[in-house]
Protein chains: 2
Amino acid sequence: MTQERHGPRERMVFSAAQLIRRGGVTATGMREVAAHARAPRGSLQHYFPGGKEQLVNEAVAWAGRYAGRRVARFLAGLDEPTPSGLFAAMAAQWTEEYTADGFAAGCPVAAATVDAAACADSTREAAAAAFATWRQPVAGALADMGVPAARAEPLATLMISTLEGAILMARAERDVRPLTTVVRELGPLLDAAVRPRPA
Amino acid sequence: MTQERHGPRERMVFSAAQLIRRGGVTATGMREVAAHARAPRGSLQHYFPGGKEQLVNEAVAWAGRYAGRRVARFLAGLDEPTPSGLFAAMAAQWTEEYTADGFAAGCPVAAATVDAAACADSTREAAAAAFATWRQPVAGALADMGVPAARAEPLATLMISTLEGAILMARAERDVRPLTTVVRELGPLLDAAVRPRPA
DNA sequence: GCGCTACTATGACCGCTGTCATAGTCGGAC
DNA sequence: GTCCGACTATGACAGCGGTCATAGTAGCGC
């Protein structure tokens with residue numbers, strides 16, 4: 001996970017996202033981030049003169065880009081792309097992580113949003129942007145699968161909302177069942193939105 | 001909201017939930033809770049000898065009971081109860097709060113879950129219990145509406161997951177659209193689960 | 001060598017946190 | 001009155017938070 005090829009700056013952003021994922025924004029300290037990234041503490045103020053706010057915002061933005069990029073990879077892994085298949089793949093990433101590594105971490109964007117009051121407003125904007133960065137490729141993929149343009153965005157919102165909530169419940173209950181449940185229950189609705197394509 | 005009729009102990013639990021809702025667990029201080037509840041600081045260690053952990057756990061449990069109790073009230077407010085109507089009512093509570101008071105606060109249970117690493121394991125258990133306390137009446141209501149028993153629980157999980165995620169996105173984007181969107185998109189699926197009742 | 005820039009290394013500061021210890025104030029019981 | 005429990009009031013403590021200031025080092029052009 002921690003690719004040492006990356007420079008210290010990128011490692012710190014990555015580590016920040018990693019730690020925010022676990023305990024939220026307020027609970028993650030700057031010194032902790034530096035230690036986790038095996039980066040010198042002095043580099044913090046050098047690379048992030050904007051302080052914690054800047055670091056957190058970049059971590060959230062990174063998470064949004066990461067989630068967006070994953071969508072393309074999920075699509076590539078599907079034999080024949082369907083909305084339910086995409087949703088299942090998105091959820092599967094979490095079930096796999098949870099069964100393998102435990103339920104320690106959640107979505108960094110969600111964590112940043114929850115800590116909203118404790119953060120600057122710019123962090124909230126970063127979270128909103130991250131959600132948009134994530135939703136856009138999902139909506140695009142749905143459209144490519146034959147979902148009417150008018151419903152692609154709303155369904156993408158539905159998918160991400162449901163996934164985020166299921167992640168939350170799964171963490172609380174230490175059980176992947178919420179994730180598998182929503183995949184099973186929501187799948188038919190998603191596939192039903194596909195208009196018959198020209199065979 | 002803050003009913004002065006309640007004793008200082010209850011007020012502190014209530015205030016704790018209120019503040020956790022806004023900024024998360026770590027960002028909420030004990031002194032802050034006492035001040036918000038207009039309760040003497042010395043009462044903290046008197047009523048909550050278990051410290052912050054106890055206070056937070058009780059706040060989370062209170063939130064779970066509150067959400068569960070609301071379900072019955074939502075049902076009472078519906079002319080003819082349908083799954084989509086219940087879901088819409090649950091979401092409406094949030095859209096109303098957000099349009100009236102702004103997007104400052106979220107779900108306290110979600111906040112406690114996100115801060116999991118920063119909290120004791122007992123808090124995670126409290127969050128899991130709160131979700132169960134919430135889900136149970138929802139599933140019961142669905143069953144009463146004619147949803148097959150086998151699907152009542154899964155659909156309740158789906159409803160709560162989706163709602164929690166939509167709350168999250170709405171806060172990040174400072175827009176109730178995610179909430180209205182998921183209500184519109186998920187409604188048909190929920191109502192379709194109702195088996196034809198004897199007319 | 002000098003000079004410059006990029007980066008690293010510490011140490012100190014102040015504020016806030018949760019918690020503990022101690023003392024004080026009620027209100028009844030008797 | 002005395003005694004006692006419930007509750008309140010402060011003050012102090014140790015720890016950690018982010019941030020600033022200052023000094024140091026490495027590399028490179030020249």
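Each chain gets a letter, A, B and so on, in the order the sequences are listed, and its residues count up from 1.
- Looking at B:Arg11, its side chain does come within 3.5 Å of a backbone N or O of B:Arg38 through a donor-acceptor pair.
- The shortest side-chain heavy-atom distance between A:Met169 and B:Glu164 does not fall under the 4.5 Å cut-off.
- Looking at A:Glu58 and A:Arg9, a side-chain N of the basic residue comes within less than 4.0 Å of a carboxylate O on the acidic one, giving a salt bridge.
- Comparing C:dT19, D:dT8, C:dA6 by their closest approach to the side chain of B:Lys52 singles out C:dT19.
- Rounded to an integer number of Å, the gap from CD of A:Gln54 to P of D:dT19 is 10 Å.
- In the set C:dG18, C:dA12, C:dT8, the nucleotide with an atom closest to the side chain of B:Arg31 is C:dG18.
- Of the possible polar contacts, none joining the B:Ser161 side chain to the B:Leu158 backbone as a donor-acceptor pair under 3.5 Å is found.
- A salt bridge does not link B:Glu32 with B:Arg22: none of the charged nitrogens is closer than 4.0 Å to a carboxylate oxygen.
- For a distance-only test at 3.5 Å, the side chain of A:Arg41 qualifies as a donor-acceptor partner of the base of C:dG11.
- Atom pair B:Arg11:CZ and D:dC7:C1' shows a separation of 13 Å (rounding to whole Å applied).
- Among the heavy atoms of the strands, none lies under 4.0 Å from B:Thr26.
- Summary for the helix from C:dG1-D:dC30 to C:dC13-D:dG18: the axes at its two ends, each from 5 pairs, differ by 10° when rounded to the nearest 10 degrees.
- As rounded to whole Å, 16 Å separates atom P of C:dA9 from atom CE of A:Met30.
- C:dG18 atom P lies 12 Å from atom CG of B:Asp115, rounded to whole Å.
- Judged by distance alone, the side chain of B:Asp115 and the main-chain N or O of B:Gly24 form no donor-acceptor pair under 3.5 Å.
- Taking atom CZ on B:Arg9 and atom C1' on D:dT8, their separation rounds to 16 Å, with Å as the unit.
- Proximity note for A:His46 (side chain, C-beta onward) versus C:dC7, D:dT19, D:dT8: the nearest is C:dC7.
- Comparing C:dT8, D:dT8, C:dT17 against the side chain of A:Ser43 picks out C:dT8 as the nearest.
- Mapping B:Gly29 and A:Gly42 onto DNA chain C via the closest heavy atom, the residue that lands nearer the 5' end is A:Gly42.
- Atoms OH (A:Tyr47) and C1' (C:dC7) sit 6 Å apart, rounded to a whole Å.
- A salt bridge links A:Arg21 with A:Glu97: at least one charged nitrogen is closer than 4.0 Å to a carboxylate oxygen.
- Between A:Pro49 and B:Gln45, the residue whose closest nucleotide on DNA chain D is further toward the 5' end is B:Gln45.
- In this structure, CG of A:Leu44 is placed 10 Å from P of C:dT8, rounded to the nearest angstrom.
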